[in-house]
Amino acid sequence: MTQDELFKILVAHCKEYGFIFPSSEIYDGLAAVYDYGQMGVELKNNIKQYWWNAMTRLNENIVGIDAAVFMHPSTWVASGHVAAFNDPLIDNRDSKKRYRADVLIEDYLSKIEEKIEKEVAKGRKRFGDAFDEAQFRATNPNVLREKAHYDEVHERYKKAENANDLAEYKQIILDLGIVCPISGTKNWTDVRQFNLMFSTQFGSTGEGANTVYLRPETAQGIFVDYINVQKTGRMKVPFGIAQIGKAFRNEVVARQFIFRMREFEQMEMEFFCKPGTEMEWFAKWKENRMKWHVNLGMGAENYRFHDHEKLAHYANAATDIEFHFPFGFKELEGIHSRTDFDLGNHQQLSGRKLTYFDPETGESYVPYCVETSIGVDRMFLAVLSHSYKQETLENGESRVVLSIPAPLAPVKAAILPLVKKDGLPEVAQEIMNDLKYDFNCQYEDKDSIGKRYRRQDAIGTPYCITVDHDTLVDHCVTVRDRDTMAQERVPIAELKALIDKKVNLNNLLRNL
Ligand code: GAP
């Protein structure tokens with residue numbers, strides 16, 4: 001099965017089991033807008049809790065806020081979004097479809113990367129244990145040819161990007177023979193810039209309506225509240241402000257399911273520090289954030305840093321943490337050293353003083369800022385795509401299992417009476433009533449036990465607890481582990497401790 005096919009199956013699975021639905025589906029949906037269903041919202045909340053607690057509880061100098069989505073329009077002038085939050089767009093005249101010119105080129109580059117990886121995989125298969133990957137990459141003519149082509153296109157693309165050269169974007173697309181996936185033609189328009197912010201009217205016309213924007217990032221809420229938090233919280237630089245909230249972007253090419261949405265959620269933390277110390281903090285936050293990811297146990301090899309060659313005008317360092325999604329390594333989180341760009345501009349435009357007085361040195365300065373910014377939805381996709389597995393069992397049957405890191409799983413335990421009679425439901429209900437205060441549990445009594453196990457595997461429930469006739473005598477239940485499918489008899493009195501050991505979020509946090 002190709003990664004593409006697997007991804008389609010994952011999207012269907014998300015709908016079938018109540019993780020994600022297309023928004024307003026009964027009206028045929030709304031492009032790149034999705035709703036989280038009964039399972040999805042639990043997983044999403046757990047991801048947010050892991051992030052929030054890691055930021056605000058484990059760091060005494062980081063506090064949280066929840067700023068409004070609507071902000072004064074000047075915010076977006078100061079932040080540079082009104083002038084420069086643009087994507088380079090190109091239209092295909094035949095299909096009338098619109099694309100991001102940079103994405104067309106990046107996709108082309110990804111395809112070359114895929115070809116190289118296929119060659120390497122072939123080599124690995126051919127040479128078995130004797131395979132020397134480094135040597136193969138350095139000598140195989142097919143790999144070398146593709147790599148040279150990649151480097152040439154990449155260099156040209158980066159030059160165009162740095163110079164913001166829209167004509168060169170188009171020329172690259174034409175020279176590479178990139179065709180529209182719908183019409184199959186190269187009948188492209190010129191490339192032009194398109195602002196990604198959604199705008200709406202604020203207040204009735206009578207009151208003098210004002211154009212406001214739906215925030216395209218949560219970060220600006222932190223910057224404009226910085227002085228309030230610093231003063232009321234008596235915060236001493238260095239300190240951070242964290243926030244989780246919705247952001248909106250009129251993405252031109254919204255695709256790959258929840259990877260790029262028009263309404264999405266961000267978890268952002270702005271860390272304010274003394275000018276001159278920002279590189280040290282940038283390095284610390286890079287390390288800290290990578291640790292947070294790897295700690296989930298989804299394989300260190302599935303993450304990598306991608307340092308930015310082209311820096312935004314406000315940044316003096318930037319990197320992405322990329323994750324190995326089914327469609328390749330893609331940005332999951334951004335870490336930026338944003339200097340004093342945001343606070344400096346807000347100070348200038350608002351006329352309010354945003355300086356910090358350092359009581360130890362007697363200096364006043366506008367703090368510099370290091371930002372960590374991760375999309376909740378992308379994190380959700382990373383967890384789900386990594387967790388989804390189709391397995392063939394020893395008895396020849398197959399199962400679909402979501403091996404979601406246990407503390408993030410939507411349901412932690414399913415309580416299953418073997419039959420709906422003989423007093424078993426009553427005992428099962430009692431266990432449910434006891435465990436539900438500590439864990440999100442599900443009570444299920446329909447269908448055969450095998451079918452119920454499959455349903456719980458498909459939503460990633462770490463434990464299934466079966467109450468059978470012996471339970472009435474020995475006060476033990478059968479506990480089945482999602483990943484190993486091993487079953488053990490456990491006294492009811494020990495259930496809570498057993499489940500807690502595996503699913504308690506604090507165990508994850510303690511490893512950070
Ligand atoms: N404040 C900095 C900022 O917003 P960004 O790289 O544009 O930086 C940060 O976004 C993160 O937000 C990304 O790494 C990604 O995880 C998420 N993100 C951005 N645009 C998104 C979209 N359209 N849909 C889903 N997630 C998105």
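In each ligand, atom 1 is the first atom listed, and ligand 1 is the first ligand listed.
Ion pair Glu217/Arg338 flagged as a salt bridge, since at least one NZ, NE, NH1 or NH2 atom sits closer than 4.0 Å to an Asp/Glu carboxylate oxygen. Under 4.0 Å is where a charged nitrogen must lie from a carboxylate oxygen, and between Asp91 and Lys97 no such pair does.
Of the N and O atoms on the side chains of Thr319 and Asp307, at least one donor lies less than 3.5 Å from an acceptor on the other residue.
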Which atom pairs, nitrogen or oxygen on both sides, join ligand 1 and the protein at under 3.5 angstrom?
| residue | atom | partner | partner atom | Å |
| --- | --- | --- | --- | --- |
| ligand 1 | 1 (N) | Glu217 | OE1 | 2.6 |
| ligand 1 | 1 (N) | Glu268 | OE2 | 2.5 |
| ligand 1 | 1 (N) | Glu371 | OE1 | 3.3 |
| ligand 1 | 1 (N) | Glu371 | OE2 | 3.0 |
| ligand 1 | 4 (O) | Arg249 | NH2 | 2.9 |
| ligand 1 | 4 (O) | Gln266 | NE2 | 3.0 |
| ligand 1 | 6 (O) | Glu331 | OE2 | 3.1 |
| ligand 1 | 7 (O) | Arg249 | NH1 | 2.8 |
| ligand 1 | 7 (O) | Arg249 | NH2 | 3.0 |
| ligand 1 | 10 (O) | Gln266 | NE2 | 3.4 |
| ligand 1 | 12 (O) | Gln266 | NE2 | 3.3 |
| ligand 1 | 14 (O) | Glu331 | OE2 | 2.6 |
| ligand 1 | 14 (O) | Leu332 | O | 3.4 |
| ligand 1 | 16 (O) | Leu332 | O | 2.8 |
| ligand 1 | 16 (O) | Gly375 | N | 2.9 |
| ligand 1 | 20 (N) | Arg249 | NH1 | 3.3 |
| ligand 1 | 23 (N) | Glu251 | OE2 | 2.8 |
| ligand 1 | 23 (N) | Met261 | N | 3.3 |
| ligand 1 | 23 (N) | Met261 | O | 2.8 |
| ligand 1 | 24 (N) | Phe259 | O | 3.4 |
| ligand 1 | 24 (N) | Met261 | N | 2.8 |

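Ring-centre distance between His149 and Tyr108: below the 6.0 Å cut-off. Aromatic ring centres of Phe325 and Phe259 lie closer together than 6.0 Å. Between Tyr303 and Phe329, a ring centre-to-centre spacing not shorter than 6.0 Å is recorded.
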